S.K.: 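Sharing a structure, written as structure tokens. Questions coming.
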Amino acid sequence: MLVERGLQVMNVEVVGDAYAIAANYLRRSGTIPDTLATNDRLLEIIVSMFQRGEFNRLRLANKAIVKFEAATSV
């Protein structure tokens, strides 16, 4: 599914899948609480990388996990 966002078109399925993968890992590792609420910071990281041209959902998830954990360990 494509959704127009400003002047760019975003593939919501890729972003959603990448978020689900990353959030599942981070919840299981205890980095983020196990709730149904969306973690805005994690979503921002994924959307930002998607907008810069990363379209592989698994690579998006892995890079987002690394960035998220690096930001929370400071």
Side-chain angles (χ1 to χ4, degrees):
M1 176 197 293
L2 298 177
V3 176
E4 188 173 327
R5 183 178 171 129
L7 298 175
Q8 293 185 337
V9 175
M10 180 178 300
N11 187 327
V12 175
E13 185 176 353
V14 170
V15 171
D17 288 350
Y19 178 84
I21 294 166
N24 184 44
Y25 172 82
L26 292 169
R27 284 186 184 112
R28 288 177 181 246
S29 69
T31 306
I32 61 175
D34 190 12
T35 65
L36 294 177
T38 301
N39 185 291
D40 292 334
R41 180 67 190 128
L42 179 59
L43 185 59
E44 287 174 14
I45 292 169
I46 292 170
V47 169
S48 173
M49 288 189 299
F50 183 86
Q51 290 174 336
R52 286 192 304 251
E54 181 59 67
F55 303 118
N56 181 293
R57 58 195 75 187
L58 189 54
R59 200 168 322 148
L60 270 170
N62 287 335
K63 287 181 177 182
I65 290 167
V66 170
K67 285 186 178 202
F68 189 86
E69 289 179 332
T72 57
S73 67
V74 172

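The first residue of the sequence shown is numbered 1, and numbering continues consecutively from there. For clarity, every value in this text was computed on a predicted model and none was experimentally measured.
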S.K.: Membership question, hydrophobic clusters at under 4.5 Å side-chain separation (ILVMFWY): are I32 and I65 in the same one?
M.R.: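 Same hydrophobic cluster.
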
S.K.: Give the intermediate values and the outcome of side-chain contact (heavy atoms from CB on, under 4.5 Å) for residues I21 and N62.
M.R.: CA-CA 8 Å; I21 294 166; N62 287 335; 5.6 Å; no

S.K.: If you compare all heavy atoms of A64 against all heavy atoms of I46, which two are closest, and at what distance to 0.1 Å?
M.R.: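 Closest pair (atom of A64, atom of I46, distance): CB-CG1, 3.5 Å.
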
S.K.: Would you say I45 and F55 are hydrophobically clustered, going by side-chain heavy atoms of ILVMFWY under 4.5 Å?
M.R.: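 As far as the 4.5 Å side-chain criterion goes, F55 and I45 are connected within one cluster.
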
S.K.: Atom CG in D34, atom CZ in R28: separation rounded to 0.5 Å?
M.R.: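 If we round to the nearest 0.5 Å, D34:CG and R28:CZ are 9.0 Å apart.
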
S.K.: S48 and side-chain hydrogen bond (donor to acceptor under 3.5 Å, both in side chains): which partner among Q51, E44, R52?
M.R.: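 Considering Q51, E44, R52, a side-chain hydrogen bond (donor to acceptor under 3.5 Å, both in side chains) with S48 is found only for R52.
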
S.K.: Looking only at heavy atoms, what is the nearest atom pair of S29 and T31, with distance?
M.R.: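 It is OG-OG1, 2.9 Å.
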
S.K.: Search all heavy atoms of F50 against all heavy atoms of L60 and return the closest pair with its distance.
M.R.: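 Shortest heavy-atom contact: N-CD2, 3.9 Å.
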
S.K.: Could you measure the distance from the CG atom of N56 to the CE atom of M49? Nearest 0.5 Å is fine.
M.R.: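 Result: 11.0 Å between the selected atoms.
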
S.K.: Provide the closest heavy-atom pair for V14 versus R57 in the form atom of the first, atom of the second, distance.
M.R.: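 Minimum heavy-atom separation between V14 and R57: CG2-NH2, 3.4 Å.
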
S.K.: If every non-hydrogen atom of Y19 is compared with every non-hydrogen atom of N39, which pair is closest and at what distance?
M.R.: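 Nearest pair, atom of Y19 first, then N39: OH-N, 2.7 Å.
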
S.K.: Return the minimal non-hydrogen interatomic distance between A61 and A18, and the atom names on each side.
M.R.: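 Answer, listing the atom of A61 first, then A18: CB-O, 3.5 Å.
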
